[in-house]
Asks: 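First the structure, then my questions, so here it is.
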Amino acid sequence: MLQLNEQLNRPVIVITGHYGCGKTSFALSLAECLAGMGKAPSLVDLDIVNPYFRSFDYRQELKGCGIQVEGPVYAGMNLDIPALPAHIDGMIEMADLQHPVILDVGGDDAGAAALGRYHPVLQRLETAGRLTVLGVVSFLRPLTETPESAVQALSAIQAASRLQCTGVVNATNLGSATDVQLVLGNVDKARQTAQMMALPVASTVLLPDVWQQMSSEEKKQIPFPFVLSRRVMLPWEDGKL
């Protein structure tokens, strides 16, 4: 990560977005980044909709980085029961800049509904300016291929969560097939999406090799670049197939 937007440095950071947009990869990397800054972050897996590609699966790796990971009671087991530990409420309530809490929320409005349980405390944090709600978008995913459709998806998430986004994160990528032109070609879409929602672009997620390939002039075109520590891999990328 090269630039830490002010929105990524608040006590509680909620990460939402469309299915498969890159929320979990961003959440994992953000937690590692904050830990690298000497903080003691906690990452809460609130995905009670999709049991695949979840941040809770990386808890042992993150524990070694000083990151506490919490998730649904039966996460990592052969059960699909959307039960969340009661002590998460207290974690959110007690979060501060040295002990931030990142909430990795399930996809779309269905996943965002899980935030309803925590709405009273999140609303208090929102009023106090201690809450960031990021809408992650990828313009290469079905149903969010244009700024208009991205706004529609994020608006549905806002309605379900009863929280307003405070920033947009552009995570458009094709995994290992991502190149410089793909990233640059979607910068304006992210700006348009943010403008339509009267929000800033809080971050642009890039893979390390893509960032290294960019010229200095190209790098200047990227709003708040965030270089990913990529942990979430597709089966054909990590040798499982």
Asks: Just verifying a value: how many Å separate Cys65 SG and Leu43 CG, rounded to the nearest 0.5 Å?
Replies: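 Separation between the atoms: 11.5 Å.
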
Asks: Is the shortest distance from a Lys or Arg side-chain nitrogen in Glu93 or Arg124 to a carboxylate oxygen in the other one below 4.0 Å?
Replies: yes

Asks: Going by the rule side chain to side chain donor-acceptor pair (under 3.5 Å), which residues pair with Arg141 if we only count those two or more places apart in sequence or in a different chain?
Replies: none

Asks: Taking Val168 as the starting point, is it possible to reach Val187 by hopping between hydrophobic residues whose side chains are less than 4.5 Å apart?
Replies: no

Asks: Give the C-alpha distance, both sets of side-chain angles, the deciding distance and a yes or no for side-chain contact (heavy atoms from CB on, under 4.5 Å) between Gln221 and Leu184.
Replies: CA-CA 8 Å; Gln221 300 177 43; Leu184 293 176; 4.0 Å; yes

Asks: For the residue pair Arg117 and Asp89, establish whether any side-chain heavy-atom pair is separated by less than 4.5 Å.
Replies: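 Yes. Closest side-chain heavy atoms under 4.5 Å.
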
Asks: Have a look at Phe224 and tell me which of Leu8, Val201, Asn5 forms a side-chain contact (heavy atoms from CB on, under 4.5 Å) with it.
Replies: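 It is Asn5; the other options fail the test.
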
Asks: Which heavy atom of Phe226 sits nearest to which heavy atom of Ser29, and what is that distance?
Replies: CE2-CB, 3.5 Å

Asks: Supply the atom-to-atom distance Glu218 CD to Trp211 CH2, rounded to the nearest 0.5 angstrom.
Replies: 10.0 Å

Asks: Answer yes or no: is there a donor N or O on one side and an acceptor on the other, between the side chain of Gln98 and the main chain of Gly38, under 3.5 Å?
Replies: yes

Asks: Looking only at non-hydrogen atoms, find the nearest pair between Leu174 and Leu182 and report the distance.
Replies: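 Looks like CD1-CD1, 3.5 Å.
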
Asks: Could you check whether Asp104 and Ser55, counting side-chain N and O atoms only, form a donor-acceptor pair closer than 3.5 Å?
Replies: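 There is such a pair (donor and acceptor under 3.5 Å, judged by atom type) between the side chains of Ser55 and Asp104.
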
Asks: Which heavy atom in Glu145 sits nearest to a heavy atom in Lys189, and how many Å separate them?
Replies: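 Closest approach of Glu145 to Lys189: O-NZ, 3.3 Å.
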
Asks: Under a 4.5 Å cut-off applied to non-hydrogen side-chain atoms, are Lys219 and Pro225 in contact?
Replies: no

Asks: About how many Å separate NE2 of His87 and CD1 of Ile92, when rounded to the nearest 0.5 Å?
Replies: 10.0 Å

Asks: Linking I/L/V/M/F/W/Y whenever any side-chain heavy atoms sit under 4.5 Å apart, do Leu46 and Ile157 land together?
Replies: no

Asks: Count the heavy atoms belonging to other residues, nucleotides or ligands that lie under 6.0 Å from CD of Gln213, then report whether that count exceeds 12.
Replies: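 Yes, the 6.0 Å shell around CD holds more than 12 heavy atoms from other groups.
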
Asks: Working to the nearest 0.5 angstrom, can you tell me the gap between Gln7 CD and Thr166 OG1?
Replies: 3.5 Å

Asks: Check whether any side-chain heavy atom of Glu70 sits under 4.5 Å from a side-chain heavy atom of Ser42, and report yes or no.
Replies: no

Asks: Once you round to the nearest 0.5 Å, how far does CG of Leu154 lie from SG of Cys21?
Replies: 8.5 Å

Asks: Is the closest side-chain heavy-atom distance between Pro41 and Pro100 below 4.5 Å?
Replies: yes

Asks: Which is it for Leu163 and Glu126 under the side-chain contact (heavy atoms from CB on, under 4.5 Å) test, yes or no, and what are the steps along the way?
Replies: CA-CA 8 Å; Leu163 294 171; Glu126 183 179 40; 3.9 Å; yes

Asks: Any sub-3.5 Å donor-acceptor pair from Gln123's side-chain atoms to Pro120's backbone N or O?
Replies: no

Asks: In the single-linkage hydrophobic clustering (I, L, V, M, F, W, Y; side-chain heavy atoms under 4.5 Å), do Ile222 and Leu199 co-cluster?
Replies: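 No, Ile222 and Leu199 fall in different hydrophobic clusters.
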
Asks: Has Gln152 got more than 12 heavy atoms of other residues, nucleotides or ligands less than 6.0 Å from its CD?
Replies: no

Asks: For residues Leu115 and Ser161, report the shortest heavy-atom separation together with the two atoms involved.
Replies: CD1-CB, 3.7 Å

Asks: Between Glu6 and Arg10 (salt bridge meaning N to carboxylate O under 4.0 Å), is one present in this structure?
Replies: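 A salt bridge is present here (some side-chain N lies under 4.0 Å from a carboxylate O).
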
Asks: In this structure, which one of Val133, Leu125, Val121, Asp96 forms a side-chain contact (heavy atoms from CB on, under 4.5 Å) with Val12?
Replies: Leu125

Asks: Specify the closest pair of heavy atoms between Ala110 and Tyr19, including all atoms of both residues, with the distance to one decimal.
Replies: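 The pair with the smallest heavy-atom distance is CB-OH, 3.8 Å.
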
Asks: How far apart are the C-alpha atoms of Ile15 and Val105, what are their side-chain angles, what is the distance that settles it, and do they pass the side-chain contact (heavy atoms from CB on, under 4.5 Å) test?
Replies: CA-CA 6 Å; Ile15 299 177; Val105 182; 6.0 Å; no

Asks: When you measure from the side chain of Ser149 to the backbone of Thr146, do you find a donor-acceptor pair of N or O atoms at a distance under 3.5 Å?
Replies: yes

Asks: Are the side chain of Asn173 and the backbone N or O of Ala171 linked by a donor-acceptor pair below 3.5 Å?
Replies: yes

Asks: Can you check whether Phe56's main-chain N or O pairs, donor with acceptor, with Asp45's side chain at less than 3.5 Å?
Replies: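 Checking the backbone N and O of Phe56 against the side chain of Asp45, a donor-acceptor pair under 3.5 Å is found.
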
Asks: A side-chain contact here means heavy atoms from C-beta on lying under 4.5 Å apart; do Arg59 and Leu62 qualify?
Replies: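 Result no, sub-4.5 Å side-chain heavy-atom pair not found.
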
Asks: Mind running side-chain contact (heavy atoms from CB on, under 4.5 Å) on Val137 and His18 for me, showing each step along the way?
Replies: CA-CA 7 Å; Val137 296; His18 184 54; over 6 Å; no

Asks: For Leu28 and Tyr58, work out which heavy atoms get closest and say how close.
Replies: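 Minimum heavy-atom contact is CD1-CD1, 3.8 Å.
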
Asks: Under 4.5 Å between any side-chain heavy atoms of His99 and Met94, yes or no?
Replies: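 With C-beta onward as the side chain, the pair stays apart.
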
Asks: Under a 4.5 Å cut-off applied to non-hydrogen side-chain atoms, are Leu131 and Val14 in contact?
Replies: yes

Asks: Between Arg130 and Ala95, is there a donor-acceptor pair closer than 3.5 Å when you use the side chain of the first and the backbone of the second?
Replies: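 Side chain of Arg130 to backbone of Ala95: a pair is present.
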
Asks: Tell me whether Asp47 is salt-bridged to Lys23, with the criterion being a basic N under 4.0 Å from an acidic carboxylate O.
Replies: no

Asks: Just wondering, do Val183 and Thr172 contact through their side chains at under 4.5 Å, heavy atoms?
Replies: no

Asks: Assess, by modelled atom type and distance only, whether the side chains of Asn170 and Thr204 contain a donor and an acceptor separated by less than 3.5 Å.
Replies: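 There is no such pair between these side chains.
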
Asks: Do Ile13 and Val227 sit in the same hydrophobic cluster, where Ile, Leu, Val, Met, Phe, Trp and Tyr count as joined when their side-chain heavy atoms come under 4.5 Å apart?
Replies: yes

Asks: At what distance, to the nearest 0.5 angstrom, does CE of Met37 lie from CG of Asn9?
Replies: 5.0 Å

